[in-house]
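Encoded as structure tokens, the structure appears first; notes follow it.
In what follows, chains are A, B, ... by sequence order, proteins preceding strands, each numbered from 1.
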Amino acid sequence: MAAAVEMVGIEKRFPRVVANVGVNLVVEEGEIHALAGENGAGKSTLMKILCGLHAPDAGVVRIFGREVTDFRPAAAIAAGIGMVHQHFMQVPTLTVAENVVLGEEPRRGPFFDRRRAEERVAELGSRFGLPVDPRARIEDLPVGLQQRVEILKVLARGARVLILDEPTAVLTPQESESLYATLRSLKSQGRTVIFISHKLREVRAAADRLTVLRRGRTVGTVPIGEVDEAKIAEMMIGRPVLFEIEKTPAAPAGAVLEVRDLAGGRLRGVTFDVRAGEIVGVAGVEGNGQSELVEILSGLRQAGSGTARLRGRELSRAGPAAWFEAGLGVIPEDRNLRGLIGEMSVADNLILGRHRQPRYSRAGIVAGAARDADAAGLVERFDIRPADPRAEAESLSGGNRQKVVVARELSRVPGLLVAAHPTRGVDVGAIEFIHRSILAERARGAAVLLVSSELPEILALADRILVLCGGAIAGEVRGAEATERGLGVLMTGGAPA
Amino acid sequence: MTPEFIAGILTVAAPLLLAAMGGVVSERSGVVNIALEGTMLASAFAFTAVTHAFEPVGPDGRHLVDAAGAWVPFAGVAAGLACGVLVSLLHALVCIRVGANQVVSGIAINILAVGATQFACTLVFESSSNSARVASLPRWGLGAFTFTPAAWASFVAVPVVTLLLFRTVFGLRLRAVGENPDAAETLGVRPGAIRTAALALSGALAGLGGVVLAADVSQFVQNMTAGRGYIALAAVIFGKWNPWGAAAACLLFAAAEKAQVPLQGKIPPQLAQSLPYLLTILVLAGFVGRARAPAALGKPHESSR
Ligand SMILES: Nc1ncnc2c1ncn2[C@@H]1O[C@H](COP(=O)(O)OP(=O)(O)OP(=O)(O)O)[C@@H](O)[C@H]1O
Ligand SMILES: [Mg+2]
């Protein structure tokens, strides 16, 4: 029997970088196959070739034994391939049903048969256990449901091979659980699944086999039973990775950030301090006020009531400029929306917000030499790939975009670092690096507020942990004493253990 | 409000409505169409010239305008439509195939249209300022409400474009491409093809708008569109890229234009003439909230292959 997918000697070059060189991948029918590799290793590119968005420069692709000659999305769909992209491919202003049937709409003459589309989507949803309101607008849905729509879209086209590019990067642990349950049930119906993930624990739990890419090449394919997380990480990076980073006890000094009864949006009055030289973690199920807290603390949202003092300055209703001037550094929740300007170069993105400083401009004219020199340094220090400060930020892989944001914010030498999901979508090697960098900030004397939906991350870094539930602080736990279970109970509204 | 007054408003509104519908169709697909102005002008000339060409010629070489068959001006209408489609496809070629800036392409087409019609007018009618009088379209209707078929078409265009955008498969794809062409592409919809079709339709509508202008006076006058393409485009934006919204903005403008006539002589003429524009801006700024443009408007779509 032919394999579901067979890719041999795949090569893909972009103007500045080679994304794939001699990649081989064999995916058997009916398996769940994981694809892992560092940021920029070429995983997304390889999958885009499979779903007809890129044509390879060399190599052969066979789908269920048939060689692909026509690299276009329509042909890939016809061959049974469906992909859920890393950055969702949706039309936010259209409804769920419209998004799902787009491209193969039910018709009555020239007219779009909305009723039939909605019925079809509802029927698909109940058949696959993925219920969603067909009439809801995409932009009104939370990401978990948006992703569900993406999966339905693929299933609606009769996909036999489902590709999911970092599907859990934006999901809560609970949502991830249910996603993997869905994938297993699809497998039991004979469908083939390929998924990309940086979360090695999930890869171990969900996949049957694993293929690792490094710098555009295949390192190897292994049955999941034969490798542990450390081994996978080593295959990805080419060296052993430390999962546990040693942390010296904190030596907190005076309060840098003082928050009193701060409220706004879903945030319903929180009070806490972050002192110099400590990391305060904010844990909680997403949507319990974390976004509002980060927005207020970076000047993107005015507080409804309460105060927030940074180094003594009351800024709860101030704009971003005032916050930065007072010494803020911020890694925002959504790097594409708030962290980067996609069409600008990496170098320009690295000085964003500081372009008025005398070092970077004189009389309104950007000092290109200083910018480029500093950018080159940061690109090297943070291992941003490709190592080309002139590359457009948009052309970078997801994880490398995140590194650009982290590099810029840390290079501000902030007094307060607000880090929201700082390692979302970055590879294990880079997680280690970013975690070290955050600890180095603490050692330097910065106050750090770490918001993350990854409990292991909070447990690894935070000296004190605040648990947000329903917009209020449900409890505070010392970092050394916290456990995932204990935090989980607080997060879901239970009494402190 | 006499029926004559209302009919007058409709007459002024007709070409604007058609151009605005063309604008809605194009912009909803993600292409800025400043070329509406030039498209109207070119089609106004095409209508005039082709109508003229089919008129019977007397022994002295003079055109027997009034002896022309009833079909003659309709040949002109067909020419106006075809010309609109062609001009718009030129815009499509530059913006979609080449991926050039849509505003620049539109402005270039508008400048080109002024020069080209003037030149062609000199060739055909031996005058760069205006054409000869040509055979008229019939007027259909009741009482004060008699309009050329082209003007009637403008009133029908609004519901038809609404139906097209919001009820047909083509309309769904068109809106999807205007919001997120990458997403549409992953589903096998070809953004370039949809946008080209949208521009062709946009050109036909704007072209018919130009025909209405010329048919109203049965001749072509140099630069006779006088910015109506731009006003239509503004109406699209004020109307929040919705056909009915854009139509309301066109009617408002037309009403203001009509209302200023009785004021002339009482206030300085410059003020009277700028009244429609001022009123439009005031009313719209006061009553229309913030609108959101199609997300991919003005951005050329690059297929990543
Ligand atoms: N459209 C493009 N134009 C130019 N370069 C690109 C383009 N798409 C990807 N690249 C480059 O190709 C390389 C591989 O990118 P790809 O997105 O496949 O990485 P990835 O393995 O998915 O990484 P991540 O885990 O960070 O998402 C990167 O160096 C990236 O910058
Ligand atoms: Mg990727």
Measure distances from [X] to the heavy atoms of chain B and classify the residue's part below 4.5 Å as side chain, backbone, both or neither.
{"X": "A:Arg114", "value": "side chain"}
{"X": "A:Asn99", "value": "backbone"}
{"X": "A:Leu102", "value": "both"}

Student check: side-chain heavy atoms of B:Leu172 and A:Phe112 closer than 4.5 Å: yes

A:Met89 vs B:Glu185 side-chain heavy atoms within contact, under 4.5 Å: no

A:Glu150 side, atom CD; B:Thr186 side, atom OG1 - distance, nearest 0.5 Å: 7.5 Å

Over 12 non-hydrogen atoms of neighbours within 6.0 angstrom of CZ in A:Arg385: yes

Residues, nucleotides or ligands: over 12 heavy atoms within 6.0 Å of A:Arg115 CZ: no

Determine the minimum heavy-atom distance between [X] and [Y], stating which atoms define it.
{"X": "A:Pro106", "Y": "B:Val169", "result": "O-CG2, 4.4 Å"}
{"X": "A:Pro73", "Y": "B:Gly188", "result": "CB-N, 4.1 Å"}
{"X": "A:Glu104", "Y": "B:Arg173", "result": "N-NH2, 4.0 Å"}

With A:Val91, the side chain to side chain contact (heavy atoms under 4.5 Å, CB included) member among B:Asp182, B:Leu187, B:Asn180: B:Asn180

Contact residues of residues 160-167 of chain B (partner chain A; heavy-atom separation under 4.5 angstrom): B:Leu163, B:Phe166, B:Arg167

Residues of residues 88-107 of chain B with any heavy atom under 4.5 Å of a heavy atom in chain A: none

Step-by-step salt bridge (charged side-chain N to carboxylate O under 4.0 Å, His left out) determination, A:Glu139 to B:Arg292: CA-CA 13 Å; A:Glu139 59 192 352; B:Arg292 194 167 62 173; 2.9 Å; yes

